[in-house]
Amino acid sequence: MQAFADLNRLADAAEQQLAPLFAKVDANCRLQTQKVLAAFAANRVSDAHFAGTTGYGYDDLGREVTERVAAQIFGGEAALFRHSFASGTHALTVMLMGVLRPGMRMVCVTGTPYDTLHTLLGIGQKGRGQGNFLDYQIQYDQLELLADGSVDINAAAREAKTADAIYIQRSRGYAQRPTVCVNQLEAVVQAVKAANPHCLVLVDNCYCEFIEEKTPLEVGADLMAGSLIKNPGGGMARCGGYIIGRKELVELCAYRLTAPGVGGEVGCTLGETRELLKGLLFAPSVTASALKTAMFAAALFQAMGFEASPKWDEPRGDIIQMLYLKTPRRLVAFCKGVQAASPVDAFATPEPAPMPGYDCPVVMAAGAFTQGSSIELSADAPLRAPYTVYLQGGLTYDLGYLGILSAAKACLALPKEDATC
Ligand SMILES: *Cc1c(COP(=O)(O)O)cnc(C)c1O
């Protein structure tokens, strides 16, 4: 690993190296912002929409316009885009339980899904009795990814013949595999629909919004869901999630979200609409900042002698960056460095601690305005080999840059046996 004094030189070199890639990120951000602005104009977003409702929230104009705007931006016919989703997991649960019925079969074609979904899906007999897939006799099956980390498209098409839904998790989450980019998603959708036009394609789109030009819905997916304390909330939404896609399917999800016969016509907004719309407007730019932060982290830490995934110049479909830091002490130092450069709780010192669902202690840095927000710069790492830190977010690129630099400094300040690779 390089000496302390070299760090600024390495950071400068990393940024120079990244300049052409940053220009591409900026160009996409401009395009996405245009899309958002056009949707605001077409749906006549106006001051009156910011007034919240209470109680049932009947005829909440702000909620209605926000959902039309979100549907247009992401190329869907209809949307549920609401602060009242408790989390991304909640939105995904409503999506799946909204459209699947007893006796149906869903096949995930991207390997083991994100941890928080295991209980819903009944993986390893988890969650029986909690009203999950097992209780409702919805069959869950899973296809592993190919050795190169891509979807086994032939196997997916074969499964689709007898499946009611194919499930695709795009982001790597906390797994060591590449993101499912829109091009690959399109190939999967085409193969699935050719094998069985009635088979639904349901997408976990967390962390992937505004990264690529097209959305899953624009290449034929039926529904997608995600979290508003990630990319599409723009760091502004205080909570929430979304489901967007085909109208009749979104309506089924609405019946599940509230009640049969009621659907999306209720749901007061309590004054959250301004933040949701403002967040959508900021989201392309905030996502671009998070993307640049991830690229800078990869470039700097690769220059320092560490492995990164994705590498600094590899294509990206989400905002997650993995860095292999090789020792537990360096993981902790990295998180302390990120925390110390956070706008909130900079004085706090992250320490490894046991976490539900993990078989080893986890250390995390999260100096965020919104609890658990991962569009704000955050890092977390289970303390087990190969000592990987997962980092994401950055409300502005400068905040991200400073956070990464602080983390690098903390790593370099370790005693000699840890400071060398
Ligand atoms: C964040 C995330 C979820 C949902 O997580 P919540 O913490 O419930 O918001 C689901 N899948 C993936 C891939 C995610 O990144």
Side-chain angles (χ1 to χ4, degrees), residues 80-97 106 108-121 123 126-127 130 132 140 142 145 149 151 167-182 184-185 202-212 215-216 221 223-235 237-244 257 276 279 283 287 290-291 294 309-310 316-322 355-358 362 364 366 368 370-382 388-393:
L80 294 165
F81 194 93
R82 302 190 173 203
H83 82 278
S84 51
F85 283 108
S87 65
T89 304
H90 183 203
L92 288 158
T93 299
V94 171
M95 174 175 79
L96 300 185
M97 298 307 275
M106 182 180 92
C108 172
V109 298
T110 46
T112 307
Y114 198 72
D115 288 69
T116 59
L117 274 310
H118 293 193
T119 311
L120 169 70
L121 303 174
I123 293 176
K126 256 193 190 167
Q130 294 181 25
N132 70 356
Y140 171 76
Q142 190 176 302
L145 294 164
V151 176
Y167 181 79
I168 299 171
Q169 178 186 315
R170 295 191 58 206
S171 171
R172 56 177 61 211
Y174 296 125
Q176 169 51 52
R177 57 118 163 147
T179 306
V180 179
C181 290
V182 173
Q184 190 185 158
L185 185 78
L202 310 174
V203 177
D204 174 350
N205 200 38
C206 282
Y207 285 133
C208 297
E209 301 88 353
F210 297 114
I211 304 280
E212 295 181 81
T215 75
L223 280 179
M224 63 179 197
S227 162
L228 298 192
I229 62 169
K230 296 179 180 172
N231 309 13
R238 299 198 290 184
C239 51
Y242 72 83
I243 301 170
I244 308 181
L257 174 64
L276 293 198
T287 302
L291 197 55
S309 176
R316 286 166 192 265
D318 65 22
I319 62 168
I320 301 192
Q321 181 64 51
M322 292 162 75
M355 276 265 295
Y358 284 91
V362 177
M364 43 179 74
T370 297
Q371 188 192 104
S373 166
S374 45
I375 191 61
E376 301 181 56
L377 185 62
S378 46
D380 38 86
T388 309
V389 67
Y390 298 84
L391 93 102
Q392 63 273 311

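None of the values given here were measured: they were computed from a predicted structure. Just so you know, ligand 1 is whichever comes first in the structure, and atom 1 is the first atom listed for that ligand. Position 1 is the first residue of the sequence, and the numbers go up from there.
Taking a 6.0 Å sphere around CZ of Arg238, one finds it holds 12 or fewer heavy atoms contributed by other residues, nucleotides or ligands.
Counting heavy atoms from C-beta on, the side chains of Met322 and Val389 never come closer than 4.5 Å.
Between Tyr114 and ligand 1, a contact under 3.5 Å exists for no N or O pair. At under 3.5 Å, not a single nitrogen or oxygen of Thr116, backbone or side chain, sits near a nitrogen or oxygen of ligand 1. Between Lys230 and ligand 1, at least one pair of N/O atoms sits closer than 3.5 Å.
Look at Arg170 and Glu212 and you find a salt bridge, because one of the NZ, NE, NH1 or NH2 atoms lies within 4.0 Å of a carboxylate O, short of that distance.
Counting the atoms of ligand 1 from 1 in the order shown, those under 4.0 Å from a heavy atom of Gln169 are 13 (C). Near Tyr207, meaning under 4.0 Å from any of its heavy atoms, are these atoms of ligand 1: 15 (O). Ligand-side atoms of ligand 1 in range of Leu92: 10 (C), range being under 4.0 angstrom from any heavy atom.
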Query - Worked verdict on Gln130 versus Thr119 for side chain to side chain donor-acceptor pair (under 3.5 Å) - result: CA-CA 9 Å; Gln130 294 181 25; Thr119 311; 5.5 Å; no
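Ranking the protein heavy atoms by distance from atom 12 (C) of ligand 1 puts Asp204 OD2, 3.3 Å first. Annotation: atom 9 (O) of ligand 1 to nearest protein heavy atom, Gly88 N, 2.8 Å. When hydrogens are left out, the protein atom nearest atom 7 (O) of ligand 1 is Thr89 OG1, 4.4 Å; that is the closest non-hydrogen contact.
For Gln169, there are no side chain to side chain donor-acceptor pair (under 3.5 Å) partners, not counting sequence neighbours.
One distance of note links CD1 of Ile375 with OG1 of Thr287; it measures 4.5 Å at 0.5 Å rounding.
Ring-plane geometry between Phe85 and His90 is classed as perpendicular, the angle between the planes exceeding 60 degrees on a 0 to 90 degree scale with a lower cut at 30.
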